[in-house]
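These notes concern the structure reproduced below.
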Amino acid sequence: MISAIQWIRQGAAAQNPEKFKFDEKEYERINQITSDRLGDAKFDLNAAQQEQAAMDLDSDSETEERDNNIKDDMEMNANDDGEEETQGADPQSFMNRKDLAYYANPEEDPYITLKDDEQELAEEKEELEVLPTDNLLLAAKTEDDVSQLEVYVYERSAENLYVHHDIMLPSFPLCLEWLDFHCGEKAGQEGSGNYVAVGTFEPDIEIWNLDVVDAMIPQTILGQQPGTKNKKRSKKPNDKYHVDAIMDLSWNKQHRNFLLSSSADATVKLWDLTNSTCVQSYKHHKDKVQSVAWNPVEATAFITGSYDKTINVLDARVPEKVTAWKLHSDVESLVWDPHNPTNFYAATEDGIIQYFDVRQANGSVGGKPLFTLQAHDGAVSALDVNPSIPGCVATGSTDKQVKVWNTADNKPTMVTSRNFELGHVFSAKFCPDAPLELAISGSNGKVHVWDMSSNAGVRQVYGQ
């Protein structure tokens, strides 16, 4: 399945991505990360072993006898194998194998055909090239319990969509957020980068450099600080890092060093990307926080939605001042209206879309919706607002339908509805460089780019 997708605008990616360089410095980073994660795993393993030991207390003697028998059998088999290998060993062979040989000079080996010459390097560079007219499209994919981030290149003129490279992820991915602010070891560099923050079932947020191919470790990790492998990660919510799955992410495009994260630990955290630390923690919800988003105009205002059936609007500078809306169902997604920045759309688990104006709030109590729309028969699991066309909204649902709505004058009407055979629809995103192109993904593990201008209903409502 593909649980999340994200467009990257034209020109944001490096035209010639660099290959990951595995040196001593990178080895130390990898060792540090794996040691920290191993520390958490050891604590969990010890806890499980202690629990199992308590359950098996009455059958220790029987277990010990069985293990001893198995150990004796393994030692006998090992001795037999060792004698056979010794008798058949050839001192001139490689690794005691007669059918293996090696060449002191690799150039003499007929099976080594790859030559590090200029022609092959040029061919590889051409294959990895991303043109300024190309869009990148990210897809968080899971197949057979293996999760990865697939980085697609979309060549619009040729209608070609292909995987450029991929990145292995530590756990099932839940959300993606693109950003251009240099972080980690590149923090402080001038100009813009090309990064993606990934939220998974793990409590840490990984930020990967998309301009590096075959990367083995993220650019930086937002969470429990490295070097704490001997300390057990607290499961109690705190002000420094998340302790449960990362549900959503939002990058501040005006204050580019700030990233918001919402979590199943019922907290929202504000991260400073210059030093990868949490600078503020918000605890205004009582259940999982499913959605978070910065306002597109007011740089310090943001919105959150939770399984406690509430939506909250806050100012990061005055976190104790909260305006709340009470809903009848769990929040699935929240999106600000870029054409009316004081308004936002809310999608819920019962298939309803509501449209609110924050100015109609009465103190700390949110006002009534401007409209309520029964959009789908199932949960509205995908919601996006067209950044170029006012009143153009796309929704997707577990009912497998993708719908386009015209919400002009706060009187929503359905423009068209399609089933693209993608299974349950989990994500739908408008392309930032082509207003009528919509990327869709779902439970069957495929990505589809829909040119909505091919639909007669869309052409009739939106013209060209």
Taking all non-hydrogen atoms of both residues into account, name the closest pair between P17 and L128 and its distance. CD-O, 3.3 Å
For E320, look at atom CD and say whether over 12 heavy atoms of other residues, nucleotides or ligands are found less than 6.0 Å away. yes
Please determine, by modelled atom types, if T267 and K269 share a side-chain donor-acceptor pair under 3.5 angstrom. yes
Give a yes-or-no answer on whether the side chains of N135 and R9 include a donor-acceptor pair shorter than 3.5 Å. no
Ignoring hydrogens and geometry, is there a side-chain-to-backbone donor-acceptor pair from N340 to D337 under 3.5 Å? no
Side-chain contact, heavy-atom cut-off 4.5 Å: E127 with H164? no
To the nearest 0.5 Å, what is the distance between CG (D244) and OG (S263)? 5.0 Å
D357 and R359: CA distance, side-chain angles, deciding distance, salt bridge (charged side-chain N to carboxylate O under 4.0 Å, His left out) verdict: CA-CA 5 Å; D357 186 343; R359 296 171 299 181; 2.8 Å; yes
Can we say D239 and K283 salt-bridge, meaning some charged N sits less than 4.0 Å from an Asp/Glu carboxylate O? yes
So does E421 pair up with K446, basic N to acidic O under 4.0 Å? no
Scanning both residues in full, the closest heavy-atom pair of K326 with K309 reads CD-O, 3.5 Å
Rounded to the nearest 0.5 Å, the CG atom of L334 sits from the OG atom of S291 at a distance of 4.0 Å
When you measure from the side chain of S443 to the backbone N and O of H424, does any donor-acceptor pair fall under 3.5 Å? yes
Rounded to the nearest 0.5 Å, how far apart are CG of N194 and CG of D180? 8.5 Å
Quick one: does E298's side chain have a donor or acceptor within less than 3.5 Å of a partner on D315's backbone? no
Side chain proximity check, T277 to L222, heavy atoms < 4.5 angstrom: no
Flag if over 12 foreign heavy atoms under 6.0 Å of CG, N419: yes
Going by atom types only, do S261 and W271 share a side-chain donor-acceptor pair under 3.5 Å? yes
Q460, CD: over 12 other non-hydrogen atoms inside 6.0 angstrom: no
Just by distance, no angles: are the side chains of E332 and T348 close enough, under 3.5 Å, to form a donor-acceptor pair? no
Side chain to side chain donor-acceptor pair (under 3.5 Å), that's the test. Do T407 and Y345 meet it? Break it down for me. CA-CA 11 Å; T407 63; Y345 293 87; 2.9 Å; yes
When you look at F430 and C392, which way does the side-chain contact (heavy atoms from CB on, under 4.5 Å) test go after all the steps? CA-CA 10 Å; F430 286 106; C392 180; 3.9 Å; yes
Taken to the nearest 0.5 Å, the spacing of L259 CG from D272 CG works out to 10.5 Å
Assess the side chains of N257 and T274: does a donor N or O sit below 3.5 Å from an acceptor N or O? no
For a quick test of reading the model, state the closest non-hydrogen atom pair linking W178 to G193 and the distance between them. CZ2-O, 4.1 Å
Checking N295 side chain against P341 main chain: does a donor-acceptor pair fall under 3.5 Å? yes
Whether the side chain of Q254 engages the backbone of P296 through a donor-acceptor N/O pair (distance < 3.5 Å, no angle test) should be reported. yes
If you count every heavy atom of other residues, nucleotides or ligands that lies below 6.0 Å from K400 atom NZ, does the total exceed 12? no
Which is it for D214 and K19 under the salt bridge (charged side-chain N to carboxylate O under 4.0 Å, His left out) test, yes or no, and what are the steps along the way? CA-CA 6 Å; D214 298 331; K19 299 278 286 187; 2.8 Å; yes
State whether W251 and R256 meet the cation-pi test: NZ (Lys) or CZ (Arg) under 6.0 Å from the six-membered ring centroid, and within 45° of the perpendicular axis. no
Give a yes or no on whether the backbone of S454 and the side-chain of R459 come within a donor-acceptor separation of less than 3.5 Å. yes
Check: S276/T220 side-chain N/O donor and acceptor closer than 3.5 Å: yes
Using the ring of each side chain (for Trp, its six-membered ring), is Y282 parallel, tilted or perpendicular to H284, with breaks at 30° and 60°? perpendicular
Sidechain-backbone polar pair: N209 side chain, Y195 backbone, donor-acceptor under 3.5 Å: no
Quick check on K288: does its NZ atom have over 12 non-hydrogen neighbours (other residues, nucleotides or ligands) under 6.0 Å away? no
Do Y162 and E155 come within less than 4.5 Å of each other through their side chains, counting heavy atoms only? yes
Please examine the side chains of K368 and Q360, heavy atoms only from C-beta on, and report whether any two atoms are closer than 4.5 Å. no
Look up atom CG in D433 and atom OG1 in T133, then write down how far apart they are to the nearest 0.5 Å. 10.0 Å
With distance as the sole test, does N455 use its side chain to make a donor-acceptor pair with the main-chain N or O of V458 at under 3.5 Å? yes
Testing the basics here: between Q290 and D248, what is the closest heavy-atom pair and its distance to 0.1 Å? O-CB, 3.4 Å
How far does NZ of K186 sit from CG of D211, to the nearest 0.5 angstrom? 9.0 Å
Check: L138 and L210 side chains under 4.5 Å, non-hydrogen atoms: yes
Are the side chain of S397 and the backbone of A379 linked by a donor-acceptor contact shorter than 3.5 Å? yes
Take Y307 and H285, measure what ring pair (Phe, Tyr, Trp, His ring centres under 6.0 Å) needs, and give me the verdict at the end. CA-CA 9 Å; Y307 282 6; H285 284 295; over 10 Å; no
Proximity of F344 and W325 rings by center, below 6.0 Å: yes
Any heavy-atom pair between the side chains of L270 and F258 that's under 4.5 Å? yes
Heavy atoms only: give me the nearest D399-D377 pair and the separation to one decimal. OD2-N, 3.2 Å
Quick one: do V449 and I440 satisfy side-chain contact (heavy atoms from CB on, under 4.5 Å)? Show the steps, please. CA-CA 6 Å; V449 178; I440 315 157; over 6 Å; no
Where do W336 and V385 land on the side-chain contact (heavy atoms from CB on, under 4.5 Å) test, with the steps shown first? CA-CA 8 Å; W336 290 100; V385 180; over 6 Å; no
Hydrogens and angles aside, do N343 and Y355 bring a side-chain donor and acceptor to less than 3.5 Å of each other? yes
Is a donor from one side chain sitting under 3.5 angstrom from an acceptor on the other, for S364 and T323? no
Just so I know, are the side chains of W450 and F420 near enough to count as touching, which here means a heavy-atom distance under 4.5 Å? yes
Is it the case that Q219 and E185 place a side-chain donor and acceptor less than 3.5 Å from each other? no
Could you pull out the closest heavy-atom pair between F302 and V292, with the gap in Å? CD1-CG2, 4.2 Å
Intermediate values then yes/no, side-chain contact (heavy atoms from CB on, under 4.5 Å), D166 and V151: CA-CA 6 Å; D166 54 36; V151 182; over 6 Å; no
Heavy-atom donor-acceptor pair, S306 side chain to D287 backbone, under 3.5 Å: yes
Decide yes or no for I246 and C175: does some side-chain heavy atom of the first lie under 4.5 Å from some side-chain heavy atom of the second? yes
